[in-house]
Each structure stands twice: as structure tokens, then as C-alpha cells.
Asks: 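Right, I'll just put the structure down here and ask away after.
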Amino acid sequence: MAEQYHDIEIENSLLGSLILNPKEAYKIKNLDNCFYDYNNQVIFSVIKSLYENGRGFDSKIIFSEVKKSTELTYQDILELIDKASPKSSIDYYVSILHDTYNKRQFKYFLEEAKKKLQEKEENTSDIINNLHSQIINLTRSLNDKKESQEAISLLIETFEEIQEFNFGDKDPVIPTTFKDLDNVIGGIPFGEPTLVGARTGVGKTTFAVELALKAVKQGFHTLFVQLELKNTHLGRKIISRLTASPNDKEGIDIKKTFRKNALTLEEIDQISQTLGKLDYDNFPLWVKDDPSTSTNDIRADIEHIIRSSGKLDFLIVDSASLMRSQKRNHSSMSRVEELDLIIKELREIAKNYNIALLLVAQINRQTEQRANKRPTLADIRESGAFEQESSIVLGLYRDELYDDESEYQGLMEIIPLKQRFGASDQSVLLRFDPEYGRFLDSSLTTSL
């Protein structure tokens, strides 16, 4: 006989205890859907509603409400009271109901996945990733819910966090290590999306690579999801950048790595020496280049990295506008709606895992038609969710691409289009050596 993942006796005892102890009703506010028996679901809903509306209740008041939608008698309510356990057991019974509901949902997810596999209507990897995502979300929905907090307790907790940020090892951001840029935006915040947008050819992917390498050098575990380039193309960019460190060193031109017989023996040796100097045990960078990557795939990758290395600090997605949603088979969903959903899901990932998130996006061509070609918030292509969900939005601009005689030759302008935490809205100029993918403070150079 199949195992039943419910316990009616526990449900009855818990409800009886709550009827006798109305002030304990706050402990059940997160039990929605956890009661298996229909009558008990109704009684739970009545108790929760009465409590949330500030109304006291007893057995007679509860009966007057539940009789509207059930055939329960007043004697049934009294029998619940007879089955009541001590007040001290309420927390334990709540945990049991959470657990049995978790098991029921888990069983349901498995059965649905099995059904889809048998019907062969979806790709097997999509079914597995969706199942993985459902299980993760189910666990978080039951374990991560928070009770309301007294303001005094919140202030004390916040002060302790501020002290930790100022004097401890914990950091609320990943510093870019560019002095002027960090002064303006404060760094890449944890748990919030940061967006970098630019036109094609400006250097947005190269800038994302630079930030990834800066983070890795500081010990932050980083996952770089690249939806436009192959992993080996990204690898060429990284190699070229590493050969140009320290900053006064001439590196390997990235273009040469894509050409046959373009590199000299000395340059091959330079690459070999650069890679030989890397500390492979302390280079926490992972890359992914699957163009069909979904948010569920990213969750799976994050879980894998956390299991294998202990943590993940930084996620970079280039370009999020190329991602597809698990709901892409829904013909009623427009591309804009799909992209809105993807951005919101990525923001949820950043928040749930408390990781810094950098999104790289394309800027509309309409910037080319303006006299001032610097990007604005309105130029972010395809989705308003990029702007709405991001705490920081940075636009990249190179004046030399439009003016051969520009006084800003060799400089990348970083324009803070939006920032919730920064101290200034002033643009920052960084020196940019495109042949190596190297960015430096324009007035002060430091080692990578």
C-alpha cells in the first residue's frame, strides 16, 4: 500500500490546541496548503482570518464560521478540543505539518516529471532542471519564511551588520577595485542585480571579463555565463588580459589569438609563462557557454559550484536578453513578457543565494541617431525589467568611436544611469586598452 504523507491526528491536535490558546495563532500563519483534510483546511483558514483581523475566538465563534462551508457540527469542534495537546507542542506540530506537506509536494513533482518523461513532450534536460528548480523553491518556501520583527531588534541587528561591514571581514559589495568607480557606485552589491549596457563593439563583454578577474583576484567565487561567445573565445579574452598584467606590460593582442600563424614563438612562450604562474587552487572562476541556458540551468550550476567549492559570490550573465524561459512553450507569452520574467527570476536567484549579479545588455540602435550618443535608461533594449529590477545601471561609452579627433582617446566612460546605493551620479573615465582587454584607473594604475 502506498505511503500517505499526511497525519490527520496531528492536524486535529494542533487545531484543538489553537482553539484553547488563541494567542498562539501567530505560529500557523505559514501553514497555508499544509493541512490535508478539507474540514481542517477550513478551520485553519477561519482561525487565521480571525487572528489576522484582530478578532478573538473560541469554539462557538469558530463553529459559526465553519458551518457556512462544511457539514461540521459543534460536537466536531469540541472533539478537536478533546484531542488538544499542551501549548508547548504547537511548534513541534507545525514543523510536522510543514514536513508532510513538503513530502506530498515532492511526490507530486516526481509524478509529474515521470508523466512528462513518458509522454515525451519536453526535452529530458528541461524536465530534470524544472524538477530541480521546483524542489529548491519548495525547500526555500518552507524554510526561509520570516516572522515580523520588532523595530528595536531590527535596529540592533542592523547596527551589528554595519559594524561588521566597517570593521569585520564581511563586505556588502564586491569592489571593482577601480578607485573612482567604487567611489561613485560603492561596488557590485550582493543580492541585487547590476546592469551594464552598451552598443555593439564598445567593450561591454570585455568590461565584464575585467570585473570577473578583479573579483577572482579578491577571492570571490565567480560564475560567468556567456550566451554569445564560445568558452574558448572567452578564454582568449582572459588569456590576453592576463598576459598584460602588471599594467605596464605589453600583452598578447587578442586579435592575434584568432588568426592562424599570427603569434611568434616568443608570444606563445609568454602565454605559457602567464598560465604557469597562475595559482590553480586559488582561481575560482567558472564559465558556461550554452546558448539555451535558462534560469533553472543557472540554479543548477550554482548548486553544483556551492557543493564542490563551498560558495558562490558573483554571477555574470552576458547577455541576459538572449536567455529563454522555461515557459517559452507558452504561445501566449510575448518576448517582452518572457524577458521580464527572466530578469525577475535572475533577481530572485541573486537574493536567495545572496550573490552579486552582473547583467550585460545591448543598447538600442537609436543612440546612433542622436547628436549625443551616450546611452540613457530608455535605450536598454527589449525589457523595462532591466531598469526596474536593477539596483545599479551603468552605461558604457567611447567617444573615440564617433570622433577620430576626440580628446578622450583610449578612455571608456562609465555612466551611472541608475544607482540606489551610490554616492554620486558623476561619470567615471577608465583607461581602456582594447587590444588586451585591459581597464585601468585613468589617473592611477594598479596591478590586476
Side-chain angles (χ1 to χ4, degrees), residues 174-183 187-188 196 198 201-222 224 226 229-287 314 316 318 358 360 394 396-401 404 406-414 428-448:
I174 293 180
T176 70
T177 73
F178 294 117
K179 181 180 178 181
D180 292 338
L181 185 57
D182 282 336
N183 285 340
I188 311 297
V196 170
V202 171
K204 56 186 182 299
T205 297
T206 305
F207 184 59
V209 170
E210 179 80 20
L211 293 181
L213 293 175
K214 297 285 191 183
V216 166
K217 176 154 191 198
Q218 296 173 81
F220 293 107
H221 290 214
T222 302
F224 198 118
Q226 173 55 249
L229 303 178
K230 291 171 57 178
N231 271 353
T232 51
H233 289 186
L234 191 63
R236 284 177 166 89
K237 285 180 174 288
I238 294 173
I239 284 176
S240 179
R241 175 63 185 93
L242 292 176
T243 60
S245 179
N247 298 328
D248 58 353
K249 184 176 182 180
E250 183 175 327
I252 303 299
D253 191 325
I254 180 66
K255 293 179 181 178
K256 286 188 174 182
T257 67
F258 286 93
R259 297 172 184 166
K260 184 176 178 63
N261 299 324
L263 294 172
T264 65
L265 290 176
E266 290 77 10
E267 289 170 326
I268 292 292
D269 185 59
Q270 184 179 352
I271 294 175
S272 177
Q273 290 184 30
T274 297
L275 296 181
K277 293 177 183 177
L278 285 180
D279 183 352
Y280 293 98
D281 293 329
N282 292 289
F283 196 76
L285 177 63
W286 290 261
V287 295
F314 196 13
I316 299 173
D318 178 20
L358 183 73
V360 181
L394 301 175
L396 306 188
Y397 175 76
R398 290 168 60 194
D399 195 60
E400 63 185 348
L401 296 179
D404 292 337
S406 172
E407 60 181 304
Y408 299 106
Q409 295 290 328
L411 294 175
M412 175 80 79
E413 185 176 352
I414 315 294
V428 172
L429 290 174
L430 297 180
R431 177 182 144 194
F432 179 39
D433 300 327
E435 65 271 32
Y436 314 133
R438 179 169 60 190
F439 289 83
L440 303 169
D441 283 308
S442 58
S443 59
L444 178 67
T445 60
T446 58
S447 296
L448 172 67

Asks: Judged by atom type as modelled, is there a donor-acceptor pair below 3.5 Å linking the side chain of R438 to the main-chain atoms of A244?
Replies: yes
Asks: Are any non-hydrogen side-chain atoms of I252 and I239 less than 4.5 angstrom apart?
Replies: no
Asks: Report the distance from atom CG of D318 to atom CG of L358, rounding to the nearest 0.5 Å.
Replies: 8.5 Å
Asks: Testing the basics here: between S442 and L411, what is the closest heavy-atom pair and its distance to 0.1 Å?
Replies: CB-CD2, 4.2 Å
Asks: Nearest 0.5 Å, please: how far is CD1 in I268 from CG in L263?
Replies: 4.5 Å
Asks: How about CG on L278, more than 12 heavy atoms from neighbouring residues, nucleotides or ligands closer than 6.0 Å, or not?
Replies: yes
Asks: Supply the atom-to-atom distance T176 OG1 to F207 CZ, rounded to the nearest 0.5 angstrom.
Replies: 6.5 Å
Asks: Going by heavy atoms in the side chains, are R236 and T232 under 4.5 Å from each other?
Replies: yes
Asks: If you count the non-hydrogen atoms of other residues, nucleotides and ligands that lie under 6.0 Å from NZ in K255, is the total more than 12?
Replies: no
Asks: So, do D253 and F258 sit near enough that their side-chain heavy atoms are less than 4.5 Å apart?
Replies: no
Asks: For the side chain of S245 and the backbone of L242, is there at least one donor-acceptor N/O pair under 3.5 Å apart?
Replies: no
Asks: Locate the shortest heavy-atom distance separating G251 from Q270; write the atom from each residue and the value.
Replies: CA-NE2, 3.8 Å
Asks: Can K214 be said to sit on top of F178's aromatic six-ring, NZ or CZ under 6.0 Å from centre and within 45° of the ring axis?
Replies: yes
Asks: Shortest non-hydrogen contact from D441 to K179?
Replies: OD1-N, 3.1 Å
Asks: Return yes if some donor-acceptor pair links the side-chain N/O of Q218 with the main-chain N/O of P175 below 3.5 Å, else return no.
Replies: yes
Asks: Quick one: are F432 and R398 in side-chain contact, heavy atoms under 4.5 Å?
Replies: yes
Asks: Can you list everything that forms a ring pair (Phe, Tyr, Trp, His ring centres under 6.0 Å) with Y397? Sequence neighbours excluded, please.
Replies: Y402
Asks: Give, for atom CG of L285 and atom CD1 of I238, the distance between the pair rounded to the nearest 0.5 Å.
Replies: 5.0 Å
Asks: Check P434 against I254 and note the closest heavy-atom contact, atom names and distance.
Replies: O-CG2, 3.9 Å
Asks: Applying ring pair (Phe, Tyr, Trp, His ring centres under 6.0 Å), can you list everything that pairs with Y436, at least two apart in sequence or on another chain?
Replies: none
Asks: According to the salt bridge (charged side-chain N to carboxylate O under 4.0 Å, His left out) rule, which pairs have a member within residues 258-286, sequence neighbours left out?
Replies: K256-E267
Asks: Ignoring hydrogens, what is the shortest heavy-atom contact between L396 and K204? Give both atom names and the distance.
Replies: CD1-CA, 3.6 Å
Asks: State the NZ-CG distance between K237 and L229, to the nearest 0.5 angstrom.
Replies: 6.5 Å
Asks: Show the nearest heavy-atom pair for residues F439 and G203, with the distance to one decimal.
Replies: CZ-O, 4.2 Å
Asks: Does CD in Q409 sit with more than 12 non-hydrogen atoms of other residues, nucleotides or ligands closer than 6.0 Å?
Replies: yes
Asks: If you measure from CD1 on I414 to CG on D180, what distance do you get to the nearest 0.5 Å?
Replies: 11.0 Å
Asks: Is a side-chain N or O of E400 found less than 3.5 angstrom from the main chain of M412, in a donor-acceptor match?
Replies: no
